[in-house]
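So the structure is just underneath, and the comments pick up after that.
Basis for what follows: all heavy atoms, side chains included, without hydrogens, waters or symmetry-related copies. Start at 1 with the first residue, then count along the sequence.
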Amino acid sequence: MEAPTIGGIRVRKGNGETVRLARGASLTDFAEKIGVDPASLVQMLFGLGEMVTATESVNDEVLELLGEELNYIVEVVSPEDEDRELLESFDLEFGSDEGGEGDLVIRPPVVTVMGHVDHGKTKLLDALRSANVVAKEAGGITQHIGAYQVAADVDGNERRITFIDTPGHEAFTAMRARGAQATDIAILVVAADDGVMPQTVEALNHVKAAGVPIVVAVNKIDKEDADPTKVRGQLTEYGLVPEEYGGDTMFVDVSAKSELNLDKLLEAVVLTADASLDLRANPTQDAQGLVVEAHLDRGRGPVATILVQRGTLRVGDSIVAGPAYGRVRAMLDEHGDNIEEADPSRPAMVLGLTAVPGAGQNFLVVDDDRMARQIAEKRESRERAAMQAQRRVRRTLEDFMKSMEEGERQELNLILKGDVSGSVEALEDSLAKIDVGDDVSLRVIDRGVGAITETNVMLAAASDAIIIGFNVRPQGKATELADKEGVEIRYYSVIYQAIEEIEAALKGMLKPEFEEARLGTAEIREIFRSSKIGNIAGCMVTDGVIRRNAKVRLLRDGAVVADNLDLSSLKRERDDAAEVREGFECGLVLRNYQDIKIGDVVEAFEMREIARS
């Protein structure tokens, strides 16, 4: 039987079979799975109005479009499944404790502090660990995630608790969600004088989605207008019923400023953990866990703050963290002191990685450096393909023809560099949400952690991009090169400012929109003939104002007989006038237009630019 023709190309059709493809797969990958020539898929897509090369990473939509045409069910493998399958190919598994019940020991709870901006989350953590972080933050907004461990005395026993400090700024929603996923218990901080705010609800939704128990810290109770009872009532509406009202959520009234009831808050966390959770892990297996944050240190190279979830991480272990790998050269605790090992629920700063891993990526210990490198390289290539597919602007033949006719649409290319990976990711997420219509688009062509390098400047020069530096500066001769190449580098320390300025830049790239503003009308009462300048209209301004530099149109019996005319002269009595207002007489001459009659109406208007919102 002859193969069916689709888009003018003969390609063998499937019978509804499922084809599994990785994110960012190319047409060559698809062709191999179904046993056809990649060139035929390229031609088929061309016939369907899509221009794609055989080796180019394409997004999920294109893969699904092809599958639909060829009667295949395309299943794009999720990042989690992709990673699990990769680890299985190396006989590794992430996310489960090895051994039996006897190998498990109790571990400290991991706690995330969440809540609305300026409700005192960082001050509360400051008070708990007696270290001032707020003073270092630009604009008083916490920009980075950190992890710390504190000791609490509960019924005469010392109990350790690990805190993950999560930013409260709304732009860090993705990081905050990730914080909840890595957490055993969440402390929801609500200011007693402010009550429940939009981000309080947002944080609460993240915690509920993660299925995590909640302890509510009602902060700022030492303020005059504090009303802890009101906070309890508001949160009851969202399903958090205090124990004193017969519910199961512990509420603790605290003051971070005067360090009031902090011991009760820590006790509430431990009691909630004991009552609701079975927090045990095997400390003897190979270590596994999450990267909480990572940055590039000038003297020490890539530094990752990790949270061990199971096993024990030791100096000298070979680890792979996202697309980074290496041997643990040194480990530091939250005070900067060297430690030799980190047991379950222990946060530590790790030195010795080859690159900066992304916040929220998993890490695990492997047998040797060679295996670590192979896993990291495969992860990196898959991530690169997925990013290319995501950034690929879907270009159809119609778009191509249109752009040829009208000239290319405006596009703002950006290169993002930040001091830590979480900030870069949050900034990119926020920028992606800026929408100023179809005429202008924003594209992040590169992003990274660390100082702005000459390589970044060269890429920006080649692609007409602007470099955004978030808490970082150029290194070496990057500034000199940027000046020479005419590359703009903008520096920010507060994320609000970066988003606002880039949105303003995008709006500035839009072609101005104009609307017509009617100024006034004048009725022609008399016509004077002049051999030198033609017909002069003697008019009475019946409405508004007639301006010398405005555009005018001529109306006769309510119909427009001439439009978009200019005035060659406007006079009030014998003098030239810039404008003549309602109720006054004037003489005017229409440039290059003589066909006027008594009773005609001259309407003046101007085009005003509409401010983009």
Side-chain angles (χ1 to χ4, degrees), residues 23-24 78-80 82-83 112 114 117 137-138 141-147 164-183 199 202-203 206 210 289-297 302-307 321-324 353 355-363 376 379-380 382-391 413-434 442-452 456 465-472 490-499 502-503:
R23 295 169 305 146
S78 69
E80 294 76 21
E82 209 171 64
D83 203 55
T112 299
M114 290 181 158
V117 169
E137 296 291 355
I141 302 167
T142 311
Q143 312 272 355
H144 306 161
I145 296 180
I164 294 181
D165 177 12
T166 321
H169 187 291
E170 63 180 1
F172 286 72
T173 303
M175 294 164 76
R176 205 156 58 209
R178 183 187 304 123
Q181 298 297 341
T183 301
Q199 286 171 11
E202 186 186 293
H206 284 316
L290 290 175
V291 176
V292 177
E293 191 45 89
H295 67 278
L296 195 60
D297 188 283
V303 177
T305 302
I306 56 95
L307 177 69
L353 293 171
V356 180
Q361 292 182 319
N362 60 50
F363 82 85
R379 275 178 171 173
E380 188 179 19
R382 287 182 173 187
E383 191 62 35
R384 198 185 306 119
M387 288 299 288
Q388 283 172 351
Q390 184 184 331
R391 288 179 186 155
N413 291 332
L414 294 180
I415 293 174
L416 306 182
K417 291 301 288 280
D419 53 345
V420 290
S421 53
S423 296
V424 176
E425 187 179 314
L427 181 58
E428 187 176 18
D429 286 347
S430 300
L431 295 178
K433 290 173 188 164
I434 297 174
L442 181 143
R443 186 162 159 249
V444 177
I445 58 172
D446 191 24
R447 62 174 182 171
V449 175
I452 297 162
N456 299 140
I466 293 171
I467 300 174
I468 302 294
F470 190 73
N471 284 334
V472 294
R490 309 201 75 157
Y491 308 102
Y492 301 96
S493 56
V494 177
I495 202 166
Y496 277 136
Q497 197 183 352
I499 296 163
I502 291 164
E503 186 168 3

Self-check item: Test side-chain contact (heavy atoms from CB on, under 4.5 Å) applied to Phe470 and Ile495, step by step
Solution: CA-CA 8 Å; Phe470 190 73; Ile495 202 166; 4.1 Å; yes

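- In this structure, Asp446 CG and Asn456 CG are separated by 6.0 Å, a value rounded to the nearest 0.5 Å.
- Contacts of Ala355 classified as side-chain contact (heavy atoms from CB on, under 4.5 Å), with partners at least two apart in sequence or in another chain: Ala324.
- Closest approach of Val291 and Ala304 over heavy atoms only: CG1-CB, 4.4 Å.
- For the atom pair Leu416 CG and Ile452 CD1, the distance stands at 10.5 Å (nearest 0.5 Å).
- Ile306 approaches Phe363 most closely through the heavy-atom pair CB-CE2, 3.8 Å.
- Each of Ile467, Ile445, Ile502, Leu427 was evaluated against Leu414; a single residue qualifies, Ile502, per the side-chain contact (heavy atoms from CB on, under 4.5 Å) test.
- Of all non-hydrogen atoms in Pro323 and Glu380, the two that sit nearest each other are CB-CB, 3.9 Å.
- Note that NE2 of His295 is 12.0 Å distant from CG of Asn471, once rounded to the nearest 0.5 Å.
- Using modelled atom types, one side-chain atom of Gln361 and one backbone atom of Gly358 make a donor-acceptor pair closer than 3.5 Å.
- In terms of heavy-atom proximity, Ile499 sits nearest to Leu431 at CA-CD2, 4.3 Å.
- Side chain of Lys417 to main chain of Ala451: a donor-acceptor pair is present (N/O by atom type, distance under 3.5 Å, no hydrogens or angles).
- Ala376 is linked by a side-chain contact (heavy atoms from CB on, under 4.5 Å) to Val320, Tyr325, counting only residues two or more places apart in sequence or in another chain.
- Taking each heavy atom of Val472 and Gly450 in turn, the nearest pair found is CG1-O, 3.6 Å.
- Between Glu293 and Ser421, the shortest heavy-atom contact is OE2-OG, 3.2 Å.
- Arg379 places a side-chain N or O within donor-acceptor distance of the main-chain N or O of Gly322, the cut-off being under 3.5 Å.
- Partners of Leu296 under the side-chain contact (heavy atoms from CB on, under 4.5 Å) rule, at least two apart in sequence or in another chain, are Pro302, Val356, Val449.
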Quiz prompt | Criterion side-chain contact (heavy atoms from CB on, under 4.5 Å) on Glu428 and Val424, from CA distance to verdict | solution = CA-CA 6 Å; Glu428 187 176 18; Val424 176; 5.5 Å; no

